[in-house]
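First the structure, in the form of structure tokens, and then the observations on it.
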Number of protein chains: 2
Amino acid sequence: MTKNCNFIEKLRGAGLRPTKQRINMCEVLFNREKTFHFTINDLVKMISEKMNQKISLATVYNTVHAFEKKGYLKEISIDSHKSYFDTNTSSHHHFFDEDTNELIDCDESDIDKINIRKNITGKKINSVEVLVRVASDNQNQK
Amino acid sequence: MTKNCNFIEKLRGAGLRPTKQRINMCEVLFNREKTFHFTINDLVKMISEKMNQKISLATVYNTVHAFEKKGYLKEISIDSHKSYFDTNTSSHHHFFDEDTNELIDCDESDIDKINIRKNITGKKINSVEVLVRVASDNQNQK
DNA sequence: CAACAGTTTAGAATTATTATAATGTAGATT
DNA sequence: AATCTACATTATAATAATTCTAAACTGTTG
């Protein structure tokens with residue numbers, strides 16, 4: 001219950017009105033020990049269950065995008081058909097298990113800092129992301 | 001003209017029948033000095049222009065996927081709405097210019113070899129890809 | 001508590017991709 | 001070269017993912 005207040009502040013701080021839907025969404029997304037990865041579909045299910053009623057798909061899309069813009073979520077795109085969001089918005093890399101479609105966080109010690117030697121004139125680097133695709137050792141490629 | 005023969009062999013070698021459409025597609029994709037990036041839409045236009053007649057969208061999708069499976073193309077996914085294919089199938093990294101939506105190849109000297117310390121039991125690494133997002137220096141984020 | 005601006009909603013619209021089934025074609029067989 | 005067959009292509013329908021719309025609703029401000 002006190003958590004709610006945090007989320008209300010969090011939303012207000014980002015200029016987002018703390019509506020019932022957004023607060024529920026915050027609880028599903030951020031009220032947990034560990035960060036996690038989800039798809040829009042996952043999320044709709046989770047929120048509907050939590051609220052014990054439907055939430056409009058449009059609202060979920062809107063809110064996810066609002067959260068993304070505010071830096072509360074990060075999108076991880078695997079291919080044109082698989083896109084995840086990550087509640088861990090710190091700069092970090094990922095493994096993607098092609099067998100299970102599971103996205104796995106790397107922590108800092110897993111991959112050395114990436115050193116970019118190229119410089120594009122007038123452009124600054126916004127992010128550097130590594131995606132390591134893995135698959136079962138016995139089967140070839142998949 | 002002699003190039004056609006190469007493409008016919010290339011297709012045959014991959015177990016793909018050298019049809020008119022596929023050969024045209026090969027010419028558009030592979031008969032050039034430098035490798036390049038494209039979207040399905042780009043490609044449909046390019047092929048239609050080259051053939052001076054329509055090509056079915058389904059054929060382009062089918063063929064692109066066939067080429068991808070055979071390792072003639074690689075998909076580069078930027079976000080859930082922007083997906084490119086790359087005729088450069090060697091292992092390499094990319095810059096993505098968020099202002100122009102342009103994908104830029106890195107060559108080997110641009111980024112040090114990525115050292116992966118994490119090991120996922122029973123899984124082998126299929127690919128390691130770095131995406132560096134850049135944007136204009138004066139505007140914040142975009 | 002009235003008023004307004006921002007939000008939610010269901011459903012329509014749009015876009016991207018895949019499936020379908022009829023027609024066409026490459027390559028093998030004769 | 002005619003025929004056959006499996007694979008390809010095609011237009012279109014179907015599906016899936018996302019965005020738009022316009023009406024109803026709800027925080028917030030005064």
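Proteins come first, then strands; the chains are lettered A, B, ... in the order of their sequence lines, and each starts at number 1. No experiment lies behind these values; they were computed from the predicted model shown.
Look at A/Lys123 and B/Asp97 and you find a salt bridge, because one of the NZ, NE, NH1 or NH2 atoms lies within 4.0 Å of a carboxylate O, short of that distance. Taking the charged nitrogens against the carboxylate oxygens, B/Lys118 and A/Asp107 have no contact shorter than 4.0 Å, which rules out a salt bridge.
Boundaries of the chain A contact region on DNA chain C are C/dA5 to C/dT18, first to last in 5' to 3' order (nucleotide atom under 4.0 Å from a heavy atom).
Taken residue by residue, residues 61-81 of chain A places heavy atoms nearer than 4.0 Å to DNA chain D at A/Tyr61, A/His65. If you check residues 36-48 of chain B against DNA chain C, you find no residue with a heavy atom closer than 4.0 Å.
For the pair B/Arg32 and B/Phe36, the cation sits on the ring face: its NZ or CZ lies under 6.0 Å from the ring centre, inside 45° of the axis.
Judged as a ring pair (Phe, Tyr, Trp, His ring centres under 6.0 Å), not a single pair has a partner in residues 99-131 of chain B (not counting sequence neighbours).
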- Message: One character per nucleotide, please: for nucleotides 21-27 of chain D, 5' to 3', B when the base has a protein heavy atom closer than 4.0 Å, S when only the sugar-phosphate does, - otherwise.
- Response: -----BB
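The nearest whole Å value for the distance from the NZ atom in B/Lys54 to the C1' atom in D/dT10 is 11 Å. One interatomic measurement links the two molecules: CD of B/Gln21 to P of D/dC7, which rounds to 17 Å at whole-angstrom precision.
Contacts of B/Leu57 with the nucleic acid, taken as non-hydrogen atoms under 4.0 Å apart, include base atoms.
Every residue two or more places apart in sequence or in another chain that forms a side chain to side chain contact (heavy atoms under 4.5 Å, CB included) with B/Leu57 is listed here: B/Ile40, B/Val44, B/Tyr61. Considering only residues two or more places apart in sequence or on other chains, A/Ser90 meets the side chain to side chain contact (heavy atoms under 4.5 Å, CB included) condition with A/Asn88, A/His92. For A/Glu49, there are no side chain to side chain contact (heavy atoms under 4.5 Å, CB included) partners at least two apart in sequence or on another chain. Every residue two or more places apart in sequence or in another chain that forms a side chain to side chain contact (heavy atoms under 4.5 Å, CB included) with A/Thr59 is listed here: A/Gln21, A/Ile55, A/Ser56, A/Thr63. Qualifying ring-ring contact (aromatic ring centres under 6.0 Å, His included) partners for A/Phe95, counting only residues two or more places apart in sequence or in other chains: none. Checked against salt bridge (charged side-chain N to carboxylate O under 4.0 Å, His left out), A/Lys74 has the following partners two or more places apart in sequence or in another chain: A/Glu129.
Using modelled atom types, one finds no donor on one side chain facing an acceptor on the other under 3.5 Å when comparing A/Ser48 with A/Gln53.
In this structure, B/Ile114 is a member of the same hydrophobic cluster as B/Ile125, with clusters built from ILVMFWY side-chain heavy atoms closer than 4.5 Å. A/Phe96 and B/Val130 fall into different hydrophobic clusters, where Ile, Leu, Val, Met, Phe, Trp and Tyr side chains are chained together by heavy-atom contacts under 4.5 Å.
Note on the helix from C/dC1-D/dG30 to C/dT30-D/dA1: terminal axis deviation equals 30°, with five pairs used at each end and the result rounded to 10°.
Listed here is the closest heavy atom pair of A/Leu11 and A/Arg22: CD1-CB, 3.8 Å.
Just one of B/Leu103, B/Leu73, B/Val28 meets the side chain to side chain contact (heavy atoms under 4.5 Å, CB included) condition when paired with B/Phe38; it is B/Leu73.
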